[in-house]
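Each chain gets a letter, A, B and so on, in the order the sequences are listed, and its residues count up from 1. Scope of the values below: all heavy atoms of this structure, side chains included, with no hydrogens, waters or symmetry mates.
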Protein chains: 2
Amino acid sequence: MTSTAREKPGLRMADRVYEAIRREILDGRLAPGEKITEAVLAERFAASRTPVRSAIVRLAGDGFVEMTPRSGTVVKRRTPNEVSDIYEVRALLESAAAGLAAGRCDARDLGDLQAIQSEMEAATAGSWQAEDEVVEKVSALNQAFHQKILEASRNATLADSAARLMNIGFLINTYARFSRPEIERSLFEHRQLIAALTSRDPAWAEAVMRAHILGARNSLAAEG
Amino acid sequence: MTSTAREKPGLRMADRVYEAIRREILDGRLAPGEKITEAVLAERFAASRTPVRSAIVRLAGDGFVEMTPRSGTVVKRRTPNEVSDIYEVRALLESAAAGLAAGRCDARDLGDLQAIQSEMEAATAGSWQAEDEVVEKVSALNQAFHQKILEASRNATLADSAARLMNIGFLINTYARFSRPEIERSLFEHRQLIAALTSRDPAWAEAVMRAHILGARNSLAAEG
DNA sequence: CGGAGCCTCATTGGATACAAGTTCAAGATC
DNA sequence: GATCTTGAACTTGTATCCAATGAGGCTCCG
């Protein structure tokens, strides 16, 4: 897996820094184009430059930042075209994953997916929460849903390639992607996806997933 | 780009070490499962542990090695199934790239491809060379050919994802993939690919590329 | 007043020193 | 005899230190 670290969370400073910087980028607290200086981050996380440096190297490998040899590191900018390209490749990979999953998933997978779906619907229905919390929760569950399907494809390489792109894609305008109408659409399409997987229909699953992702791309292009 | 460094090649020790280790893995001089110790590599490359460590972190990100927190690093093993999975995803990505390239490539791209093809045929025809040299040359040209088509797809994300897999895939049994009959088949299919691109036929290009890669997977499974 | 060259300074890259954890083996105990 | 314990050496992870280089500002000249 590319970026899931489930080891004891207090041990490697480099990992904590990696996650922290990644979160700051995803949250927009580190804006695209912004310069990153190792010493500043080191002080912010109460660490030395060594683990910060290691984290930055990893982030560069994941495509979050860009290191230029002796000049410095900046958060990578992405043009609308690049974003569109990312979604295109995601559509390709994840639709293939959905098709495979339709032929390979078991009852447990389907149960997990249904559980995620239920939680997502509950989170959406809960109108007492602040909209920000809803968006955050939905975003996390959405990611879990897609991840689960990738797993169910039983092709680790495919899952990893797609997960990489998912992570990068999520740094763009989460709020536009999860406005209320978008959430409704997402819920509907996820239901379809579960139906397709349950009925073991690869072509259907593939098509729904492709439509799901390309639809997201389109709404992103319209609003972003 | 993931792993192309075209800056002045004497400046960053970390990059030189990265390339060196990567080559050793691709050449099989570092075997899958073998343990990597930073101090050893540091001495071998006349460097300190710092750049070696940086290189290892990058290699882990690229999927060449596996770091376990305080235990050590080993060259990643791949089961035949994983290899098959890699080829499956490559087929998916590169066939899509070929399809896009058919609609987007220009005369310059086609010229470059033709040049690579000619060089490859020349290398094959030259029977005075040692077989090892032929294989090495053909392997490099083959990689260049595929890379060129990825470029011509004009989708950097797609190109990067596929290139990543290509690099990983090439560490497996280069010699089986480039036995004489395989080279002949490769040359033939590359010719078809150029024809499809030249006639701007996306469906054809896509199909040929898919057949090309899945064929390679099959012959690899048969011999490896 | 504007531009080119130099110079200082901030920042990155590498080396070394140190701390902490893991593995492996030898020994003791059941 | 097998297993658990304990200890020592090795290896990784982090901190600090030093060198080298790119960037920005300042001055001097046109």
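Residues satisfying the side chain to side chain contact (heavy atoms under 4.5 Å, CB included) test with B:Arg77, not counting sequence neighbours, are B:Pro32. B:Arg44 meets the salt bridge (charged side-chain N to carboxylate O under 4.0 Å, His left out) test with B:Glu24; sequence neighbours excluded. Residues meeting the salt bridge (charged side-chain N to carboxylate O under 4.0 Å, His left out) test with B:Glu131, sequence neighbours left out: B:Arg180. In this view, B:Thr73 and B:Ile36, B:Ile56, B:Val65, B:Met67 satisfy the side chain to side chain contact (heavy atoms under 4.5 Å, CB included) rule, not counting sequence neighbours. A:Arg154 meets the side chain to side chain donor-acceptor pair (under 3.5 Å) test with A:Asp106, A:Asp109; sequence neighbours excluded. The salt bridge (charged side-chain N to carboxylate O under 4.0 Å, His left out) search around B:Glu43 returns none, not counting sequence neighbours.
In this structure, the nucleotide among C:dT12, C:dG13, C:dT22 sitting nearest to the side chain of A:Thr37 is C:dT12. For A:Ser71, the side-chain atoms get nearest to D:dA23 when compared with the rest of D:dT12, D:dA23, C:dG14.
Atom CZ in A:Arg70 sits about 7 Å away from atom P in C:dG13, given to the nearest Å. Distance, A:Lys35 NZ to D:dA23 C1': 9 Å, rounded to whole Å. Rounded to whole Å, atom C1' of D:dT14 lies 12 Å from atom CD of B:Glu38. Rounded to whole Å, atom C1' of C:dA10 lies 17 Å from atom CD1 of A:Ile36. Rounded to a whole Å, the CE atom of B:Met13 is 14 Å from the C1' atom of D:dA20.
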Under 3.5 Å, which N/O atoms of the protein pair with N/O atoms of nucleotides 8-10 of chain D?
none

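Among residues at least two apart or in separate chains, ring-ring contact (aromatic ring centres under 6.0 Å, His included) pairs with a member in residues 131-169 of chain A are A:Phe145-A:His190, A:His146-A:His190, A:His146-A:His212.
Of the residues in residues 41-57 of chain B, B:Ala47, B:Ser48, B:Thr50, B:Pro51 come within less than 4.0 Å of DNA chain C through at least one heavy atom, sorted by number.
For the 3.5 Å distance criterion, the side chains of A:Arg104 and A:Asn155 fail to qualify, holding no donor opposite an acceptor.
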